[in-house]
Amino acid sequence: MFPDTRLGIGPAIEDGFYYDFDTSHGFTPEDLEKIEQEMKRIVKENLPVTRDIVSKDEARKIFEERKALFKLELLDELPSEEPISIYRQGEFIDLCAGPHVPYTGYVKAYKLLSIAGAYWRGDEKRPMLQRIYGTAFMDQGGLDAHLAKLEDIKRRDHRRLGKDLDLFSIEEEGGPGLVYWHPKGAIIREIIENFWKEEHRKRGYDLVYTPHIAKLGLWKVSGHWDWYKDNMYSPMEIDEMQYLLKPMNCPFHILIYKGKTRSYRDLPIRYGELGTVYRYERSGVLHGMLRVRGFTQDDAHLFCRPDQLEQQLIEVLDLTGFMLKTFGYDEYYCMLSVRDPNDKANYIGEDEVWQQAEEALERALKARNLKYQIDVGEAKFYGPAIDIKIKDAVGRLWQGPTIQADLNLPERFDIHYIGEDGQRHRPVMIHRTVLGTMERFIGGLIEHYAGAFPMWLSPVQIRVMPVSEKQSDYAKTVAAGFEELGLRVECDLGQDKIGYKIRQAQIEKIPYMVIVGAREKEANTISVRHEVWEILAV
RNA sequence: GCCAGCGUAGCUCAGUCGGCAGAGCAACUGAUUUGUAAUCAGUAGGUCGUCGGUUCGAAUCCGUCCGCUGGCUCCA
């Protein structure tokens with residue numbers, strides 16, 4: 001259909017497949033339909049799909065003939081002794097390890113979904129190809145169910161719901177990636193923040209507040225200026241001194257720690273802060289509340305003795321589990337992010353310290369019987385981490401809590417405590433968030449709950465609606481009663497019929513509707529309509 | 001940042017070949033006083049994202065910038 005097209009790679013992915021193409025033709029959504037028609041024809045032909053094993057030289061010849069540059073590059077990287085597998089169906093030839101279906105007729109239900117740009121081999125310095133995404137199932141029912149799920153995900157989109165429920169906005173005049181929390185969104189955030197603070201106090205954290213800017217020198221000491229500069233807002237000059245907006249809270253907590261001499265008896269010291277940070281994120285990556293430029297981390301830094309590390313990690317894991325459960329995330333997966341031993345130049349710190357830290361994280365996971373997967377190369381430059389992925393109501397995984405051992409900053413800031421032996425010792429530092437950031441967490445919660453927040457988080461918990469204006473005063477009295485109990489209640493005193501008021505409350509996903517008419521007023525009662533929304537939609 | 005697409009009323013969207021700017025919902029006004037998912041009628045609301053170009057004439061064609069969307073790369 002597009003003769004000058006060269007093939008990139010085309011693997012199967014979790015929910016389908018994609019194929020990358022280099023072509024002078026720019027694909028349009030209409031093309032997808034045309035390609036699907038062509039696919040249908042090929043399926044109907046029921047062509048045999050054959051696998052040939054050839055030598056590397058033979059393979060090279062085949063792809064050179066077809067001027068398949070990308071395939072040749074892939075071929076070059078395959079070991080020369082090993083036989084190469086090539087698949088053919090009709091006039092189509094591809095380099096692929098397989099397996100493939102034996103006949104094109106095996107392909108049943110499929111759909112092409114979208115077009116996107118993608119760098120060749122994921123490298124932004126290489127050419128950009130056009131990627132077509134699609135999905136395929138054994139039968140129409142499977143495809144229909146999958147498409148229904150995609151629709152459900154669309155309905156849950158926090159950007160859509162954030163607008164519909166008036167929770168937040170991002171203002172073009174204000175700047176991209178900067179979130180405005182509207183009154184209802186602010187209530188949700190406030191409840192979560194209060195809960196967070198209370199839970200941290202209970203567990204022995206000290207809560208602090210720190211500034212939003214600091215002198216450039218501080219960021220040089222911390223290493224951010226060298227390692228993180230590209231993600232930071234440009235310096236501003238105040239009284240001939242350069243200041244930077246903070247991208248992280250760690251240096252500030254360290255300064256508090258450093259403010260006086262600490263004894264081994266003082267440890268652990270745990271500073272928690274809902275710290276607002278700003279990071280320069282490239283414009284193309286911004287996404288609603290999930291990827292923004294200014295955000296508030298539920299941050300904490302734990303300073304402890306090496307012998308306390310494991311216990312502290314366990315306590316953080318417990319807190320994390322408790323928090324996730326509270327928000328209805330019953331399933332989560334722990335990843336132990338360790339460094340790539342072949343790539344030590346990208347990490348700071350002694351081998352021995354790294355090993356100790358990785359072992360401590362692993363022991364903590366084992367102590368709580370948490371299953372985990374080791375993610376090689378996913379450590380931060382300053383230390384290994386436990387990264388937790390949480391599964392939402394529709395089965396998607398989100399980056400959640402992160403617990404990082406920091407092997408760099410204690411050194412750089414030369415912090416210490418006085419041990420039992422009267423000597424200075426280096427404390428171990430843990431850097432962690434349990435929710436991540438307020439923006440990403442609440443954005444995720446909106447999708448998790450599909451906007452129907454549980455009672456404790458609902459911006460409006462109860463709406464009282466009189467059947468007619470004759471019960472307005474009674475409705476106000478009832479509402480005042482709820483208000484006295486500390487519940488968030490509203491009255492709908494509009495002239496609309498009760499059906500309309502119920503519909504409105506339903507759209508706004510208010511959990512309790514209290515309806516009062518002549519009968520209720522007479523008997524001094526109320527009638528309650530409680531909406532239980534199904535979180536698991538699919 | 002890169003590739004592609006998009007930007008029309010508060011929201012969702014229509015607007016044919018370049019020829020007077022449209023609908024539904026929401027808002028407002030009036031009537032209606034209602035019993036568990038939409039009462040009726042009327043009114044108002046837009047520099048068609050921005051700046052520039054082509055043209056007798058631009059929402060429409062071309063360019064620029066801004067923003068958004070789907071991805072890529074990166075990330076909490």
Distance below 4.0 Å between A:Lys497 side-chain N/O and B:C40 OP1 or OP2
no
Residue of the set A:Asp406, A:Asp387, A:Asp375 for which salt bridge (charged side-chain N to carboxylate O under 4.0 Å, His left out) holds with A:Lys380:
A:Asp387
Table of protein N/O atoms under 3.5 Å from nucleotides 23-27 of chain B N/O atoms:
| residue | atom | partner | partner atom | Å |
| --- | --- | --- | --- | --- |
| B:A26 | OP1 | A:Tyr500 | OH | 2.8 |

Taking every heavy atom of A:Leu32 against every heavy atom of A:Leu112, the minimum-distance pair comes out as O-CD1, 3.7 Å
Interatomic distance where CD1 belongs to A:Ile115 and P belongs to B:G71 [whole Å]:
13 Å
Below 6.0 angstrom between ring centroids: does that apply to A:His448 and A:Phe327?
no
To the side chain of A:Glu124, which of B:U36, B:G1, B:C11 is closest?
B:G1
Among B:A37, B:G35, B:U12, the one nearest any side-chain atom of A:Gln506 is B:A37
What is the distance, to the nearest angstrom, from the CG atom on A:Asp496 to the C1' atom on B:C40?
12 Å
Closest non-hydrogen atoms of A:Glu520 and A:Ser527, given as atom of the first, atom of the second and distance, are OE2-OG, 3.2 Å
Would you say a side-chain N or O of A:Arg282 is under 4.0 Å from OP1 or OP2 of B:G71?
no
Using a 4.0 Å heavy-atom cut-off, does A:Ser527 contact any base of the nucleic acid, only the sugar-phosphate backbone, or nothing at all?
base
Is the phosphate of B:C11 approached by A:Arg160 (side-chain N or O, under 4.0 Å from OP1 or OP2)?
no
Would you please name every residue forming a ring-ring contact (aromatic ring centres under 6.0 Å, His included) with A:Trp181, sequence neighbours left out?
none
Distance below 4.0 Å between A:Tyr280 side-chain N/O and B:G1 OP1 or OP2:
yes
Once you apply a heavy-atom cut-off of 4.0 Å, does A:Gln404 come out as touching a base, just sugar-phosphate, or nothing?
nothing
Does A:Glu439 come within less than 4.0 Å of A:Arg189, counting only side-chain N to carboxylate O?
yes
Any side-chain heavy-atom pair of A:Lys149 and A:Asp15 under 4.5 Å:
no
Which residue, A:Ile507 or A:Ser468, contacts RNA chain B at a nucleotide closer to its 5' end, judged by nearest heavy atom?
A:Ser468
At under 4.0 Å, does any side-chain N or O of A:Arg293 touch on OP1 or OP2 of B:C75?
no
Could you work out the separation of B:G19 and B:C48 based on their P atoms and round it to a whole Å?
16 Å
When A:His431 is tested against each of A:Asp299, A:Leu302, A:Ile403 for side chain to side chain contact (heavy atoms under 4.5 Å, CB included), which residue passes?
A:Asp299
I want to check something: taking the side chain as every heavy atom from C-beta on, are A:Tyr474 and A:Pro466 in contact at a cut-off of under 4.5 Å?
no
Separation of A:Glu171 atom CD from B:G10 atom C1', in whole Å?
12 Å
Can you figure out which of B:C74, B:U33, B:G35 approaches the side chain of A:Glu281 most closely?
B:C74
For RNA chain B, report each stem as range with range, ordered by first number, or say none. Use Watson-Crick or G-U wobble pairs under 3.5 Å, at least 3 in a row.
B:1-7 with B:66-72, B:10-13 with B:22-25, B:27-31 with B:39-43, B:51-53 with B:61-63
Between the protein and nucleotides 44-49 of chain B, list the N/O to N/O atom pairs that are separated by less than 3.5 angstrom.
none

Across the strands shown, which category fits A:Arg159 at heavy-atom distances under 4.0 angstrom: base, sugar-phosphate, nothing?
sugar-phosphate
NA contact type, A:Ile502, heavy-atom cut-off 4.0 Å: base, sugar-phosphate, or nothing?
base
A:Gly26 near the nucleic acid: base, sugar-phosphate alone, or nothing, with a heavy-atom cut-off under 4.0 Å?
nothing
Considering every strand and a 4.0 Å limit on heavy-atom distances, what is the contact class for A:Gly499: base, sugar-phosphate, or nothing?
sugar-phosphate
B:G71 OP1/OP2 closer than 4.0 Å to side-chain N/O of A:His287:
no
Flag the pair A:Leu409 / A:Ser222 as yes when at least one side-chain heavy-atom distance between them is below 4.5 Å, and no otherwise.
yes
Return no unless some side-chain N or O of A:Tyr133 is found under 4.0 Å from OP1 or OP2 of B:C72.
yes
Within the structure shown, what part of the strands sits under 4.0 Å from A:Thr433 by heavy-atom distance: base, sugar-phosphate, or nothing?
nothing
Under 6.0 Å from the six-membered ring centre of A:Tyr205 and within 45° of its axis: does the NZ or CZ of A:Arg270 meet both?
yes
Parallel, tilted or perpendicular: rings of A:Phe322 and A:Phe195 (30°, 60°):
tilted
So which nucleotide from B:C11, B:G35, B:G67 ends up closest to the side chain of A:Lys163?
B:C11
Under 4.0 Å, heavy atoms only, any strand: does A:Val277 hit a base, just the sugar-phosphate, or nothing?
nothing
Among B:G35, B:U12, B:U73, find the nucleotide with the atom closest to the side chain of A:Val285.
B:U73
Expressed as a whole number of angstroms, how long is the span from A:His182:NE2 to B:C11:P?
12 Å
Using the side-chain heavy atoms of A:Lys470, tell me which of these nucleotides is nearest: B:G35, B:U34, B:C72.
B:U34
What's the gap between B:C56 and B:G42 when it is taken at their P atoms, as a whole Å value?
44 Å
Using heavy atoms to find the nearest nucleotide of RNA chain B for A:Leu290 and A:Gly494 separately, return the residue whose nucleotide is more 5′.
A:Gly494
Select base, sugar-phosphate, or nothing to describe what A:Arg291 touches, counting heavy atoms under 4.0 Å on all strands.
base
Between A:Lys501 and B:A38, is there a contact of a side-chain N or O with OP1 or OP2 at under 4.0 Å?
no
Using a heavy-atom distance cut-off of less than 4.0 Å, which residues of residues 318-326 of chain A contact RNA chain B?
none
Donor-acceptor pair between A:Thr296 and A:Thr276 side chains, under 3.5 angstrom
yes
Partner residues of A:His182 under the ring-ring contact (aromatic ring centres under 6.0 Å, His included) criterion, sequence neighbours left out:
none
Expressed as a whole number of Å, how far does the P atom of B:G30 sit from that of B:A44?
16 Å
Regarding A:Glu469, tell me which of base, sugar-phosphate or nothing describes its non-hydrogen contacts under 4.0 Å with the strands shown.
base
Contact under 4.0 Å: A:Ser114 side-chain N or O vs B:G70 OP1/OP2
no
Intermediate values then yes/no, side chain to side chain contact (heavy atoms under 4.5 Å, CB included), A:Leu457 and A:Leu445
CA-CA 10 Å; A:Leu457 292 172; A:Leu445 261 195; 4.1 Å; yes
Looking at A:Glu171, I want to see if its CD is surrounded by more than 12 non-hydrogen atoms of other residues, nucleotides or ligands under 6.0 Å.
yes
